[in-house]
Each structure stands twice: as C-alpha cells, then as structure tokens.
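Here's the structure, in structure tokens; my notes come after.
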Amino acid sequence: MKYNRCGKSGLLLPEISLGLWHNFGSVDNFDNAESIAVEAFDKGITHFDLANNYGPVPGSAETNFGKILWHNFQGNLRDEIIISTKAGYTMWDGPYGDWGSRKYLLSSLDQSLKRMKVDYVDVFYSHRPDPETPIEETMMALDYAVRSGKALYVGISNYSAEQTRVAVDVLKQLGTPCLIHQAKYSMLERWVENGLLDVLEEKGVGCIAFSPLAQGLLTDKYLNGIPENSRAHNPNGHLKENEVTAERIQKLVQLNEIAKNRNQSLAQLALAWLQKDKRITSVLIGASSVKQLCNNIDCLQNTEFTTDELTAIEKILA
C-alpha cells in the first residue's frame, strides 16, 4: 500500500480507503463486517470512512464500527487509523436533523462520537452544501469542530467547483484549512473533471473518490444484464434498473476486454483508472466480503496505463 499526501497537508492517506456506506449497518452480519475491517487494516488500509446516516438504520454503521474499534483497535492502534464521518443528509425528524446549520452539524458530530465511543474523529465533513444556510455558517461549524478538539481536520463532499472555491476560502480565513473533498467519480461519472479537480489542485486540497465502481455497475456482474441478486434489481438500492441500459452494458463488455488484456477484472480496471490522476489522493471502496475486498485491493498491482489503453478507454466511454 502506498500513502499519498492529502493536498498540501501533513496527512498521508492510503491509495485505497474503506467506506462503510454499505454492509456495516444493523441489518448486516456483524462478524462479516468486522472481518472486512480487520483485513483492510492488515492490508494497509488505515482510513475508514463513515457518515452519520450510514446503516441502515441510520447511525448503526457508526455504532458497529465503534464495536469493531473496541474489539480490535484498542490502545495505540487508534493512533494508527484515520476515522472520518459526515453530516448533511437527513438524520432525524424535525427542523434540526438535516442540511448544514451549525446546530445540526455540531449536534450530529457529538452523536457520532458517542456512537463510536471515540473522543475525536480525524476528519469531519459537511456532507452536502445547503442552499438555505450561508456557506459561512456551515464552515464556521467545521472550524469549531476542530477548535473544540472533536475533529483534527475538516472536509466537504458533493460541493460544486464554485461552491468548493468559496468554502475553501472561508475556511482559510477562519484558520482551519480544508483538508479534502469527497466526490463521486468513476469511469461513468466524470463531473469532477469539469473544474473541480482544477480548483482542488489550485487550493492544495486533497480529493477522495467515492462510488468508483458506479454502485457495482463497473464489475462483471452486469455484463449479461441485470442478475436477480444485484443492487439494480433491489428496489431500495441506489443503482436503478433504468441505469443499466443496453448501451451501457455494451460499454462494460468492451471495457472488460481491456481489463482482460491487463490481467485485471473490470472492477480492478475501474479502480486503477482513477489512480492515474495524481490529484486523486485516495479511492474509496466498499466491500461485502473479505474476498471482494482483497480482489479490489489487487488493482494496485497494475495502475500504469499505456497511451493506447487510455485512448481506447476514452473511445469506449465517449
């Protein structure tokens, strides 16, 4: 595992980080979740990414991760891992359980610390911009989280390039630099290339890519259509059936041929492809099993691309 400097900060993050968005909630098998987290750490993944609403039920991923910490990462091991969490999406009913007010963000952070039974998180994010709250108020809440000792660094997620520029400048004025931006980025979701990555590079802010496999679409699971046990077939899943079009499947088949020629799976190709841009600090993966985790980490065995490969990939994705 290589560790990349996060923007212009002193913090190093692993090339691959583990996200607990799925498979760590109260409806999931705890022993399996614990095995995934422990194996990830043993493979050099030191960064574990959460949010207040991860589950289901909301909050349960943090509760379970707190148990995993207690069972496996006592003592100085806490100093060997990076824990990030976020607030910004609906967490509880009423006017104070959503969006980006100071009231919500700081209340949520206190609840997250209690669920995980930790004194601080390493990174606390504003999970999404709030159109009704001044960006200054949201950034002041992040600044206070650091000054109160409840977070070491702060970040933002799902902010546009222009919103990011404003947020980063406000945080700089407050004296708490923005460490990182967590953005949805994959072969099939490339909005960050239209300005955001340039802003982050200019401002010295790191970038961590989430949903690098497009909710599982960039795997061999959908090469022959939609299988019964897939996320797209699940009406409660984030990947919708109408996103798995015949045109997209054809692209996946062509990408899979390139992957085969590189001795990689389609998922490994998609993860390695993100690593080519040095502005990407880390790629955030999920895993439903230790086997899947290890398969994804193996993408790091081949992250170099020839000019011909990149040209072929761009032609497919066009």
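Fair warning: this is a prediction, and the values are worked out from it, not measured in the lab. Sequence positions, counted from 1, serve as the residue numbers for this chain.
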Exercise for review: Please check if atom CG in N76 has more than 12 non-hydrogen atoms from other residues, nucleotides or ligands closer than 6.0 Å.
Suggested key: no
**Study point:** Rounded distance (nearest 0.5 Å) linking atom OG1 of T133 with atom NZ of K103
**Key:** 14.0 Å
Check your understanding: Which atoms form the tightest heavy-atom contact between P212 and A270, and what is the distance?
Key -> O-CB, 4.2 Å
Check your understanding: Is the closest side-chain heavy-atom distance between I68 and F24 below 4.5 Å?
Key -> yes
Point to revise | Closest contact, heavy atoms only, C178 versus I156 | key: SG-CG1, 4.2 Å
Practice item. Is it possible for you to say whether Y144 and L142 belong to one hydrophobic cluster, with membership spreading through side-chain heavy-atom contacts below 4.5 Å? Key: no
Review point. If you measure from CG on L106 to CE on M140, what distance do you get to the nearest 0.5 Å?
Key: 10.5 Å
Exercise for review: Flag the pair K260 / L269 as yes when at least one side-chain heavy-atom distance between them is below 4.5 Å, and no otherwise.
Suggested key: no
Review point. How long is the gap from OH on Y153 to OH on Y120, to the nearest 0.5 Å?
Key: 10.0 Å
Point to revise | Hphob cluster co-occupancy, F41 + Y3, side-chain heavy atoms under 4.5 angstrom | key: yes
Practice item. Classify the side-chain pair Q163/S160 by whether it contains a donor and acceptor separated by less than 3.5 Å. Key: yes
**Study point:** Whether over 12 other heavy atoms sit under 6.0 Å from E304 CD
**Key:** no
Exercise for review: Please round to the nearest 0.5 Å and tell me the distance separating atom CZ of F65 and atom OG1 of T85.
Suggested key: 10.0 Å
Exercise for review: Determine whether Q301 and N263 make a side-chain contact, defined as any pair of heavy atoms from C-beta on separated by less than 4.5 Å.
Suggested key: no
Point to revise | Salt bridge flag under 4.0 Å for residues D122 and R78 | key: yes
Exercise for review: Indicate yes or no: at least one non-hydrogen side-chain atom of L300 is less than 4.5 angstrom from one of L271.
Suggested key: no
Practice item. Walk me through it: do V199 and E162 pass the test side-chain contact (heavy atoms from CB on, under 4.5 Å)? Key: CA-CA 8 Å; V199 171; E162 187 51 42; over 6 Å; no
**Study point:** For N295 against Q268, the heavy-atom pair lying closest together
**Key:** O-NE2, 2.8 Å
Check your understanding: Is there a side-chain contact between H22 and S288, using heavy atoms and a 4.5 Å cut-off?
Key -> no
Point to revise | Path from V154 to L174 over hydrophobic side-chain contacts below 4.5 Å | key: yes
Review point. Any side-chain heavy-atom pair from V283 and W273 closer than 4.5 angstrom?
Key: no
Point to revise | Residue pair A259 / S265: nearest heavy atoms and the distance that separates them | key: CB-O, 3.6 Å
Check your understanding: Atom CZ in R279, atom CG in N4: separation rounded to 0.5 Å?
Key -> 14.0 Å
Exercise for review: Might you confirm whether atom CD of E193 has over 12 heavy atoms from other residues, nucleotides or ligands at distances under 6.0 Å?
Suggested key: yes
Practice item. Under the salt bridge (charged side-chain N to carboxylate O under 4.0 Å, His left out) rule, what do D143 and R102 come out as? Steps first, then yes or no, please. Key: CA-CA 10 Å; D143 173 67; R102 181 185 181 97; over 6 Å; no
Exercise for review: Determine, step by step, whether L11 and I180 satisfy the side-chain contact (heavy atoms from CB on, under 4.5 Å) criterion, reporting the C-alpha distance in whole Å, the side-chain angles of both residues, the deciding distance to 0.1 Å, and the verdict.
Suggested key: CA-CA 10 Å; L11 187 67; I180 194 167; over 6 Å; no
Exercise for review: Check whether M1 and V38 end up in the same hydrophobic cluster, where Ile, Leu, Val, Met, Phe, Trp and Tyr are linked by side-chain heavy atoms less than 4.5 Å apart.
Suggested key: no
**Study point:** Approximate separation, where rounding is to 0.5 Å, of L179 CG and C6 SG
**Key:** 4.0 Å
Point to revise | Criterion side-chain contact (heavy atoms from CB on, under 4.5 Å) on S112 and V121, from CA distance to verdict | key: CA-CA 9 Å; S112 292; V121 292; 5.7 Å; no
**Study point:** Sidechain N-carboxylate O distance under 4.0 Å for R165, D198
**Key:** no
Exercise for review: Flag the pair N64 / L20 as yes when at least one side-chain heavy-atom distance between them is below 4.5 Å, and no otherwise.
Suggested key: no
Review point. Just wondering, more than 12 heavy atoms not from W191 lying within 6.0 Å of its CH2?
Key: yes
Practice item. Please test H47 against I208 for side-chain contact (heavy atoms from CB on, under 4.5 Å), starting from the C-alpha separation and ending with a verdict. Key: CA-CA 11 Å; H47 177 209; I208 182 168; 3.6 Å; yes
Exercise for review: Measure from the side-chain N and O atoms of E39 to the backbone N and O of L293, and report whether any donor-acceptor pair falls under 3.5 Å.
Suggested key: no
Practice item. Please check if the side chain of S26 supplies one atom and the backbone of V57 the other of a donor-acceptor pair under 3.5 Å. Key: yes
Check your understanding: Will you find, in the side chains of N52 and Y104, an N or O donor that is under 3.5 Å from an N or O acceptor?
Key -> yes
Practice item. Could you check if a side-chain atom of Y54 sits within less than 4.5 angstrom of a side-chain atom of E62, using non-hydrogen atoms only? Key: no
Review point. Taking a hydrophobic cluster as the set of Ile, Leu, Val, Met, Phe, Trp and Tyr residues connected by side-chain heavy atoms closer than 4.5 Å, whether directly or through intermediates, do I81 and I16 fall within one such cluster?
Key: yes
Exercise for review: Taking all non-hydrogen atoms of both residues into account, name the closest pair between F124 and K86 and its distance.
Suggested key: CE1-C, 4.1 Å
Point to revise | Side-chain donor/acceptor of H181 to backbone N/O of V205, under 3.5 Å | key: no
Revision key, fill the gap. Closest heavy-atom pair, G100 versus T138, reported as atoms and distance to 0.1 Å, is O-OG1, 2.7 Å
Practice item. Could you tell me whether the side chain of D28 and the main chain of G25 form a donor-acceptor pair under 3.5 Å? Key: yes
Check your understanding: Around atom CG of D42, are there more than 12 heavy atoms of other residues, nucleotides or ligands at under 6.0 Å?
Key -> yes
Practice item. Evaluate the criterion side-chain hydrogen bond (donor to acceptor under 3.5 Å, both in side chains) for residue pair S282 and S17; output intermediate values, then yes/no. Key: CA-CA 6 Å; S282 185; S17 298; 2.7 Å; yes
Review point. For K276, does the NZ atom have more than 12 heavy-atom neighbours from other residues, nucleotides or ligands under 6.0 Å away?
Key: yes
Check your understanding: More than 12 non-hydrogen atoms from neighbouring residues, nucleotides or ligands closer than 6.0 Å to NZ on K251, yes or no?
Key -> yes
Point to revise | OH (Y96) with more than 12 external heavy atoms under 6.0 Å | key: no
Check your understanding: Where the side chain of N158 meets the backbone of H127, is there a donor-acceptor pair that is under 3.5 Å apart?
Key -> yes
